[in-house]
Amino acid sequence: MTLRFTNWLSRLSPGTWVVLVLALGSSVIVFVQGKFERTGMPFWVFNKVHFTTYQPFVDRWNSEHPGTRVDMFLIQLDAFERRLLSGFTAGTPIGEILETERRVATRTFLGPEETVGFVDLADRLRDEGLLETINRPSFAPWTSRGRIYGIPHDVHPMVLCYRADLIEAAGIDLAVVETWDEFARALRPLMKDFDGDGRPDRFPLAGWPSNHLFVESLLRQGGGRYFDEDGRPEIDSDLNARLLATITTWTAGPDRICTDVPEQVASGNQMRRDGTVLCQLMPDWMVGQWKRDLPELAGKVKLMPLPAFTPGGRRTSVWGGTMLGIARNAPDFESAWAFAKALYLSPELAEVTFRGTGIITPVKSHWVLPVFSEPDPFFCGQPAGRLFIEQAPDVPVRSSSPFERLALERVKVAAIALRAYANREGKFTTEALIPEAKRLLGIARGEVQSHIDRNLFLDS
Amino acid sequence: MSVPASTNTPTIAHKRARGPVRPFPGWAPWIFIAPFLIIFGTFILWPLLKSLLLSLEYSYGPAHTVFVGLRNYRLILGDPLFWAAVRNTCIFAAGSVFLQLPLAFGLAMLLNRRGLRWRAVYRLIFFAPYLVGLVFASLIFSFIFEKRTGLINRTLHNLLPAWNPEFPWLQEYAVITLILVALWLYVGLNMVYFLAALQHVSSDLLDAASIDGAGPWQRFRQVILPEILPVGSFVVMLSIIGSLQLFELPWVLLTNPTQPVPDERGITIVVYLYQTGFITSDLGYASAVGWLLAVVLMGIAVAQRRIVGARENA
Amino acid sequence: MRYSRLLLAGNHALLMVFALLMLVPFGYMFLSAFRVGGDNGPALFEWSAHGPDVHWEYITPANFIRLFEEPHIVRALLNSIFLSSVTSLGATLVAAMGGYALSKFPFRGREPLTALVLGALVIPAPLLIAPGYQWLYQLNLLDTYSGMIIPAIGSAFGVFLFRQAMINSVPDDLIAAARIDGAGEMHIFFGLVVPLVRPMIGAFLMIMFLGVWNNFITPQVVMQSPEMFPLSVAINNLRGLYGTDSGLIIAGTFVSVAPVLCLFLLLQREFISGLTSGALKG
């Protein structure tokens, strides 16, 4: 060789050698460790809290039923959704017992009936009397075309949580408040400007048109709905328009009683701690979050039923929901069904769930458990469980339409636009906003309708 | 690498005189490019072609697929949300090119000054954001841009009491916020490109120019600008292509538990693709969006080559 | 001369301002990682009447301790190191070979292949998720490390970069001389060409490492077993639907960023010179 080739070590930079070493080292470790052997029925959950809560139950089941083990997996919601749908439509592998929530479950109802990969549990539920034992309306989001695809995990009634310390200190008694109008009137005096910039720094209610929870819950509370019984969009009904206009009067204009409080992030929690916002729409699942994230508010907040839109109207609402379904291609349905029942109908789970998250079980017979009547120090000794359970019969029915998510999105767009319109035109009364509300909701309805029309497979 | 003197010199010179093509085994290039071709062909080209077919279909899974021709494309062009995404994406791309790149160039100019100490430190600081990744950046900035309690609103409100403490950075002004975050993330990277280009500008040329009496502005225009034009156009093209494919940034920055997908004020084309594909389960529709975007991007790339090629030949 | 000294000082000042602005988010992350309750917790700094107050009692390493108590986090770190290093090495090798072929061999098929590579640069990745997933399933590559590594190795961007780098840094005459001297093709490549593009190797290695390290969408699609998740996914999973522990997440992001920063410090010079060697005269 007359050509000198470089000394082989310096052909690559030191950094590259480091990477090489890392690769080799980690490969060795990874392949020595290998994958865990899994032989049981895969049980998919998406919620970390559920994962930790269910672990003892899964362990107990596995020790009592060594032949029909259950292997629980925690799968992040987006991945869960993708894999579930791919499994249902293309046959890729999925779990056999699947706990999922509304957003994902309703998507599986989109195609032809044979692509809904959940087992239709309606007959079993009826035969075993579970349709009476479990709160009947809670099955609604999981029922499509007359078939019931899952056992509900919850009821999710909603009440109002308010800063008793600040409100009662000002001499205001919310027990006499029954409607939203009275609510606004009663709490307006508390809207003070603390930093002298001419803008109030304390607001009665947390909510904003961009907040799904806010808009959807209030519409439902007022009796509005997105789809009628046949699944046709009813988004721009007069009732919806009136409700949306009313909500907008709370979020628009110089006298607005609402402020945007982001959920589950530091800034929102800081606003709650500081008393920047006084009241919050609280579904039962939020109770556990507050106890964990806002321990400073213990003993300062209380619960009461939501003020109604009209005197004598509904005083609760609903948001969210989770169900347990069984995959159609699960080889051993009976064992899966037995496990599902053992888990969801267990009184211990009901108690543990309530203590940990505040969620009340949909199993009516468990509602007499003493845990629900315990005075809760967080809420100044109120029996939180009982307050939620009292609202359970009034909880509005949730739809199972696969286009609901789309409808939610478009209604949110309409709500944001309506607020901007109100600010721009200076119109801050319900009556003045109804025509525009109806127009915007009409656009939303048109868009949802066009999506429904595009769907070549779904025939109601 | 130095080639030691060889007794073959006359032969080489003789061969060089013959022509530039050197003999090599015919199989050689194919062997070298084979691994790439095999993997690329299998895992990218094939799904790509399938997605092209998919874009012409309405699909709910392989078992329920119907050929619908160009219907998806027609529906896309008629969807106001799509046009909102296009609008947002274009504003973002424009902001990136006209805001971020001049800043990167400016920083490079600042760093290029002779005799500057701590150049490496500055370079590392400006470059570090790129290293830490989109997800981290999105997470941190989602906190920084919060209403009322976010660092930015709080600071501005403390400095100027008239500033609205609930300024909606992440809502109404989502696109501007995206531009700012992308700026933080990528200005260092672009700066590095420009800096290297500037450092390659021959100092002899510059000295010759100043001897000829050219002032700093003229030196800039006549000497520096032409030298960095190739790099500049490369960076612009990369920037445009990257901007048009913006996905993870809005996806992490603008979503939260009560807003699982970015709304029309912050949606971009790829977010729209992802969303429609996975909200309506309509993979055909999503594929059509992807192909529309790919066609536009290809057009831009081709245009850039033409422009740069024309300049180089001019 | 005073004028140029002033200019230099002004130069420095501007740079420092920008550098400080750049560092603000890092500072924020750093503080939050060590704070009780993450950024959900009480403020560390208060502006009281007599200037800034630091609440030392709120500083804690608890977030990190809790992070490592999470099952699978250490394993996730290992997975990330494994996936990133193996993928980046493989991709670099394949790309270097591909770039070599396209730049140093005038052969039939070079033009169309180059066009193919350039065209591939503009493919939006989400376009490939759905068909890719089903294809992986058919190939039995779901839930395997190979399913993540192999598709990532065919990087058109890499081939493009190496092609540029070799055009700029590898003289044709050198290769020709080596051939005349009887060197085998492989020997030429590994012994002659590779050292010449050392910077680009470092640069692309870093780019791929970073890309795989921070990628959290593809692993979630391909991997099914939690013990195979990389760090990016594990940390993302710390976000629950009905509740978020931000202290944990920020600590996790911190842990995720640190190794990459270390690697960059090692590969710094190559990275920067490599990147630019590909862009110049490009």
Side-chain angles (χ1 to χ4, degrees), chain B residues 1 3 8 12 21-22 24-25 28-29 32-33 35-36 39-40 43-44 46-48 50-51 54 107 110 113 115-116 122 125-126 129 131-136 139-141 143-144 151 184 192-193 196-197 200 230-231 234 241 245 247 257 270 273-274 277 283 287 290 293-294 297-298 301, chain C residues 8 11 14-15 18-19 22-23 25 28-29 39 94-95 97-98 100-102 105-107 113 118-124 126-128 130-132 135 150-151 153-154 156 159 174 176-177 179-180 185 192 195-196 210 214 216 232 241 249 253 257 260-261 264 272 275-276 279-282:
Chain B
M1 295 295 103
V3 180
N8 289 335
I12 292 178
V21 178
R22 299 279 180 259
F24 55 81
F32 281 111
I33 199 153
F36 169 72
I39 295 179
F40 183 77
F43 293 102
I44 298 184
W46 178 238
L48 198 64
K50 280 175 67 171
S51 79
L54 210 65
L107 286 175
L110 285 177
R113 179 163 284 282
L116 186 74
Y122 281 123
I125 292 181
F126 289 124
L131 288 177
V132 297
L134 276 170
V135 185
F136 157 66
L139 199 65
I140 294 296
F141 278 103
F143 299 136
I144 291 183
L151 194 64
W184 183 79
V192 162
Y193 277 121
H200 267 255
V231 176
F234 177 73
I241 290 184
Q245 295 192 37
F247 170 63
V270 181
L273 184 168
Y274 197 79
L283 292 177
S287 302
L293 181 64
L297 290 176
M298 274 188 245
Chain C
L8 197 64
N11 207 334
L14 266 175
L15 278 174
F18 278 114
M22 279 291 191
L23 287 176
Y28 191 85
M29 167 191 80
D39 63 284
V94 167
M97 287 168 63
Y100 180 54
L102 288 185
F105 291 91
F107 66 103
L113 282 177
L118 291 177
L121 291 181
V122 299
I123 298 173
L127 188 56
L128 297 172
W135 183 220
I150 300 182
I153 290 186
V159 174
L174 205 60
R179 283 209 189 98
I180 288 170
E185 290 298 323
L192 205 56
L196 284 175
L210 203 57
N214 285 333
F216 71 102
S232 48
L241 180 64
I249 295 186
T253 327
V257 165
V260 174
L261 253 152
F264 178 70
I272 293 184
L275 263 189
T276 52
L280 295 180
K281 304 179 207 119

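Naming: A, B, ... by sequence-line order, numbering from 1 per chain.
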Between Trp184(B) (side chain only) and Met22(C) (backbone N and O only), is there a donor and an acceptor less than 3.5 Å apart? yes

Using the side-chain contact (heavy atoms from CB on, under 4.5 Å) definition, which of the options Leu113(C), Val159(C), Ile153(C) pairs with Phe36(B)? Val159(C)

Highest number of heavy-atom pairs under 4.5 Å with chain B: which of Leu128(C), Val260(C), Leu261(C)? Leu128(C)

Nearest heavy-atom contact between Pro131(C) and Ser51(B) is CG-CB, 4.0 Å

For the atom pair CD1 (Ile123(C)) and CD (Gln245(B)), what is the distance rounded to the nearest 0.5 Å? 9.0 Å

Please step through side-chain contact (heavy atoms from CB on, under 4.5 Å) for the pair Tyr122(B) and Phe18(C), ending with a clear verdict. CA-CA 9 Å; Tyr122(B) 281 123; Phe18(C) 278 114; over 6 Å; no

One should read off an interatomic distance between Phe126(B) CZ and Leu23(C) CG, to the nearest 0.5 angstrom, of 8.5 Å

With chain C, which of Ile33(B), Ile241(B), Leu131(B) has the greatest number of heavy-atom pairs at distances under 4.5 Å? Leu131(B)

In short, Phe40(B) meets Ala156(C) closest at the heavy-atom pair CE1-CB, 4.2 Å

Contact check, side chains of Ile144(B) and Pro25(C), non-hydrogen atoms, under 4.5 Å: yes

Separation of Leu110(B) CG from Leu14(C) CG (nearest 0.5 Å): 5.5 Å

Close side-chain approach of Leu127(C) to Ser287(B), heavy-atom, < 4.5 Å: yes

Leu121(C) CG to Met298(B) CE distance, which is reported to the nearest 0.5 Å: 10.5 Å

Contact origin within Ala95(C) toward chain B - heavy atom pairs under 4.5 Å: neither

